[in-house]
Enquirer: 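I have a structure here, written as structure tokens, and I will follow up with some questions on it.
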Amino acid sequence: SGTLAIVADFSEIYTMEDYKKKIGDKLEGYDIGVVVLNAGMGLMGPFVELTDKEAERLYTINSSHVFFCAKIFAPMLVARYKKIRLDQGS
């Protein structure tokens, strides 16, 4: 029993297979009860001056990665609780 913190650089994770290797494999043997997903980055400067590439990277890290991590944890939580509630915010 205890707390497990997993630190991952989401700018280096691109596929669900990457998620499973860098995050999912570290969960073996843990009885997951609560998951707090927090991923984010920010860029300095006016929003309207972001390049398309910067905007895509910002969105991917702040939104997509939290969603994909939830996909890894959800089956474990459903197995334990039968029903779960997933909330995502930014």
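Note that these values count all heavy atoms, side chains included, but never hydrogens, waters or copies made by symmetry. If you read the sequence from its start, that first residue is 1, and numbering goes on from there.
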Enquirer: Counting only heavy atoms not in Tyr81, do more than 12 sit closer than 6.0 Å to its OH atom?
Expert: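 Yes, the 6.0 Å shell around OH holds more than 12 heavy atoms from other groups.
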Enquirer: Under the rule for ring pair (Phe, Tyr, Trp, His ring centres under 6.0 Å), what residues qualify as partners of Phe73, not counting sequence neighbours?
Expert: none
Enquirer: Mind checking side chain to side chain donor-acceptor pair (under 3.5 Å) for Asp9 and listing every partner two or more places apart, or none if nothing turns up?
Expert: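 Side chain to side chain donor-acceptor pair (under 3.5 Å) check on Asp9 returns Ser11.
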Enquirer: Measuring from Ser64:OG to Glu56:CD, what's the distance to the nearest 0.5 Å?
Expert: 9.0 Å
Enquirer: Nearest 0.5 Å please: distance from the NZ atom of Lys21 over to the CG atom of Asp18.
Expert: 6.5 Å
Enquirer: Could you give the side-chain donor-acceptor pairs of residues 44-51 under 3.5 Å, partners two or more places apart or in another chain?
Expert:
| from | atom 1 | to | atom 2 | distance (Å) |
| --- | --- | --- | --- | --- |
| Thr51 | OG1 | Glu54 | N | 3.0 |
| Thr51 | OG1 | Glu54 | OE1 | 3.4 |

Enquirer: Say whether Phe67 and Tyr59 are linked into one hydrophobic cluster, either directly or through other cluster members, by side-chain heavy-atom distances under 4.5 angstrom.
Expert: no
Enquirer: Which pair of heavy atoms, one from Leu58 and one from Met41, lies closest together, and at what distance?
Expert: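 For Leu58 and Met41, the tightest heavy-atom pair comes out as CD1-O, 3.3 Å.
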